[in-house]
Amino acid sequence: MIQRPRGTRDLLPPESRLWQAVEQTARAVFGAFGADEVRTPAFEPTELFVRSVGETTDIVHKEMYTFEDRKGRSLTLRPEGTAGVARAWIENRLHDRSHPLRLYYIGPMFRYERMQAGRYRQFSQIGLELLGADSPLADAELLLVLHELFTRLGFDDLQVHLNNLGDPEDRPRYQQLVRETLAASREALCSDCQRRLDENPLRVLDCKVPSCQVIVADVPPVSTVASEASRAHVVAVEDQLDRLGVPFVRNPRLVRGLDYYLRTVFEVVSPKLGTNAVLCGGGRYDRLISDLGGPAVPGSGFAIGEDRLVDLLPDGFKVRVLGLRRLYLVPLGGAARAEALRLARDWTRAGVVLEVELTGRSLKAALKRADKEGFAAVAILGDDELAAGTVAIRELATSSQEVMSPAEVPAWWAGRS
RNA sequence: GUGGGCGUAGCUCAGCUAGGUAGAGCAUCGGACUGUGGCUCCGAUGGUCGGGGGUUCAAAUCCCCUCGUCCACCCCA
């Protein structure tokens, strides 16, 4: 038997309906705030990700799906969405359009990783990028849109973590500060953190080992060395969130895994998942497009992990999506079967959601199935009804049954919905 | 990349310790009730015991390899 590749999955009904509903909701919310969809390739030149995401990051280091095409060009399945959008901005000269531009994308990303709960090698992200605005209002708008989306999906227990990473010029100083602060207690850190201290000191800050967290508590927050401008920027974002009533918590130890972030960074985490609790990550990346050879365009954005989002969807939302009222049209006998699709066409045109029984089941078996599949009602079309030009409609929940003409069914259905 | 758990029917699992004819529940389909569901009873369908190799008269069971899956680490969505 041929099996799907490791780390991928098949989305089957009825769960696929949840994905559709989530995406529909995201499109509606994003669109209401002036965003339009952008679709970029699922693979790009490898160099794009090396230069944007950062050479020292784990993503580039060990998680990329990289291959050569027949002409020897190195291509990589996109591990995240922002780089492709930035590339498209430059290549299509979007700078020449009036901006800012709000672009969203929904699609698969790929990272070569060991499987774990809430983590897949092909996973879907819903991302929004706001390009061409350096105002704190832009960051606040993104957080607001996120909050609106999550609220509409029924989440009420998510936490937004916010931090200021400072400007790129501040980073060497801060790394130095971290090293100096922790030099004395180096031996007490976990082995990973000792390595991180050399390679990427910022990462020590969000280590999950309890003993490390105690030690790291002594490290001053980034804001102590962050530029005055970056501090003012993030404070302005926070003020705006307060004004909007969008809750958040300052997390001075929040570090993101991509090199291009500066100033505002944030994560949305769920208290329900232990390890892979991050549902969404984002931040500001004012240097990304110029670093890739484009004009100096400020940008800010986020990406939601759709797989995790769907996994954690509140029951209320699920019930609403999966509880669709459907009618089961059951023809009995050859003459009735010949009529079934014609009725189905007329009724669906009038707004009925139905399913035609095609297998020739007995009425008993059909009712049994209707009960199991959660149909709201069954339309019975047998010889008696056919002769009388009627159809019998049976409601499953109440066991009440009435006979009516086929033309009356849509109105009856609408009245019961 | 590192460390551990688990692979037997569509699903959840028993059987493995002491090798000897592959089982149960649920699900599916049908019947009892020949055009009226949920409960009950009866029956049927369904398995290369993840795959390969080895030991043995004989392997789901013991040994080796491999693949898959789950959990944790790393890191991230």
Side-chain angles (χ1 to χ4, degrees), chain A residues 1-9 12 53-54 56-64 78-82 106-127 190-193 195-196 199-200 202-203 206-209 212 254-258 267-270 273-282 302-312 328 330-333 336 357 359-386 391-401 403:
Chain A
M1 184 177 62
I2 298 176
Q3 296 178 307
R4 64 179 189 275
R6 188 171 211 175
T8 64
R9 49 189 194 155
L12 307 172
V53 174
T56 62
T57 60
D58 271 32
I59 291 178
V60 169
H61 202 225
K62 62 175 195 182
E63 295 174 3
M64 292 204 303
R78 60 181 179 188
E80 58 103 34
T82 304
I106 299 173
M109 307 292 161
F110 306 85
R111 290 181 201 172
Y112 192 94
E113 288 192 281
R114 195 82 170 259
M115 285 286 293
Q116 202 183 136
R119 174 183 296 165
Y120 310 93
R121 289 188 172 177
Q122 175 177 334
F123 58 101
S124 181
Q125 284 190 338
I126 300 175
C190 69
S191 59
D192 283 322
C193 280
R195 176 178 54 80
R196 289 185 194 128
E199 292 177 1
N200 201 337
L202 286 188
R203 300 250 188 280
D206 66 349
C207 179
K208 289 164 196 107
V209 177
C212 289
L254 172 62
V255 176
R256 307 248 57 242
L258 295 84
E267 280 182 355
V268 179
V269 302
S270 163
L273 246 59
T275 310
N276 296 313
V278 179
L279 269 182
C280 170
F302 63 74
I304 300 167
E306 191 176 4
D307 304 71
R308 290 178 188 179
L309 178 69
V310 172
D311 284 347
L312 293 171
Y328 193 25
V330 179
L332 302 169
E357 160 57 35
T359 66
R361 279 188 173 80
S362 66
L363 180 58
K364 173 194 293 295
L367 281 168
K368 197 177 258 187
R369 175 170 133 84
D371 189 51
K372 238 156 233 164
E373 293 296 312
F375 285 95
V378 177
I380 303 165
L381 186 68
D383 293 339
D384 298 347
E385 290 80 8
L386 211 55
V391 60
I393 305 286
R394 182 179 184 84
E395 244 182 332
L396 273 297
T398 60
S399 293
S400 62
Q401 187 163 320
V403 176

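Lettering follows sequence order; numbering is per chain, from 1.
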Atom-to-atom span, [atom1] of [X] to [atom2] of [N] - whole angstrom:
X        : N     : atom1 : atom2 : value
A:Leu363 : B:U36 : CG    : C1'   : 5 Å
A:Lys368 : B:G38 : NZ    : P     : 5 Å
A:Met64  : B:C75 : CE    : C1'   : 15 Å
A:Asp371 : B:U28 : CG    : C1'   : 15 Å
A:Leu396 : B:G38 : CG    : P     : 11 Å
A:Ile304 : B:A77 : CD1   : P     : 12 Å
A:Phe123 : B:C76 : CZ    : P     : 12 Å
A:Glu373 : B:G38 : CD    : P     : 15 Å

Which whole number of Å gives the distance between the [atom1] atom of [N] and that of [M]?
N     : M     : atom1 : result
B:G19 : B:U61 : P     : 12 Å
B:A18 : B:G7  : C1'   : 24 Å
B:C26 : B:C64 : C1'   : 37 Å
B:G15 : B:G54 : P     : 29 Å
B:C49 : B:C67 : C1'   : 16 Å
B:G53 : B:C11 : P     : 25 Å
B:G68 : B:G52 : P     : 16 Å
B:A60 : B:G50 : P     : 10 Å

Output the single nucleotide from [options] whose closest atom is nearest the side chain of [X].
X        : options             : result
A:Glu113 : B:A77, B:G35, B:U69 : B:A77
A:Glu63  : B:C73, B:C75, B:C76 : B:C75
A:Lys372 : B:U36, B:U28, B:C75 : B:U28
A:Asp58  : B:G35, B:U36, B:C74 : B:C74

Check your understanding: Salt-bridged, A:Arg256 to A:Glu267, with N to O below 4.0 Å?
Key -> yes
Check your understanding: Looking only at N and O atoms, is any donor in the side chain of A:Lys62 or the base of B:C75 less than 3.5 Å from an acceptor on the other one?
Key -> no
Point to revise | Base of B:C76 paired with side chain of A:Arg308 (donor-acceptor, under 3.5 Å) | key: yes
At what distance, to the nearest 0.5 angstrom, does [atom1] of [X] lie from [atom2] of [Y]?
X        : Y        : atom1 : atom2 : value
A:Ile380 : A:Gln401 : CD1   : CD    : 4.5 Å
A:Leu363 : A:Glu357 : CG    : CD    : 10.0 Å
A:Leu279 : A:Leu312 : CG    : CG    : 5.5 Å
A:Arg4   : A:Gln122 : CZ    : CD    : 11.5 Å
A:Lys372 : A:Leu396 : NZ    : CG    : 12.5 Å
A:Leu367 : A:Phe375 : CG    : CZ    : 11.5 Å

Check your understanding: Heavy atoms, side chains only, cut-off 4.5 Å: are A:Tyr328 and A:Arg369 in contact?
Key -> yes
Side-chain N or O of [X] versus OP1/OP2 of [N]: is the shortest distance under 4.0 Å?
X        : N     : value
A:Gln116 : B:A72 : yes
A:Gln401 : B:U36 : no
A:Arg119 : B:A77 : no
A:Arg6   : B:G68 : yes

Considering every strand and a 4.0 Å limit on heavy-atom distances, what is the contact class for [X]: base, sugar-phosphate, or nothing?
X        : answer
A:Asp384 : base
A:Glu80  : nothing
A:Arg361 : sugar-phosphate
A:Arg256 : sugar-phosphate
A:Ala365 : sugar-phosphate
A:Glu385 : base
A:Leu309 : nothing
A:Leu258 : sugar-phosphate

Considering Watson-Crick and G-U wobble pairs with both distances under 3.5 Å, what does [N] pair with?
N     : answer
B:G43 : B:C29
B:C62 : B:G54
B:A18 : none
B:C75 : none
B:U48 : none
B:U36 : none
B:G68 : B:C6

Practice item. Map A:Gly281 and A:Arg114 onto RNA chain B by nearest heavy atom, then report which one ends up closer to the 5' terminus. Key: A:Arg114
Exercise for review: Name the residue closer to the 5' end of RNA chain B, choosing between A:Glu395 and A:Ala303 according to the nucleotide with the nearest heavy atom.
Suggested key: A:Glu395
Practice item. Under the side chain to side chain contact (heavy atoms under 4.5 Å, CB included) rule, what do A:Phe110 and A:Arg121 come out as? Steps first, then yes or no, please. Key: CA-CA 5 Å; A:Phe110 306 85; A:Arg121 289 188 172 177; over 6 Å; no
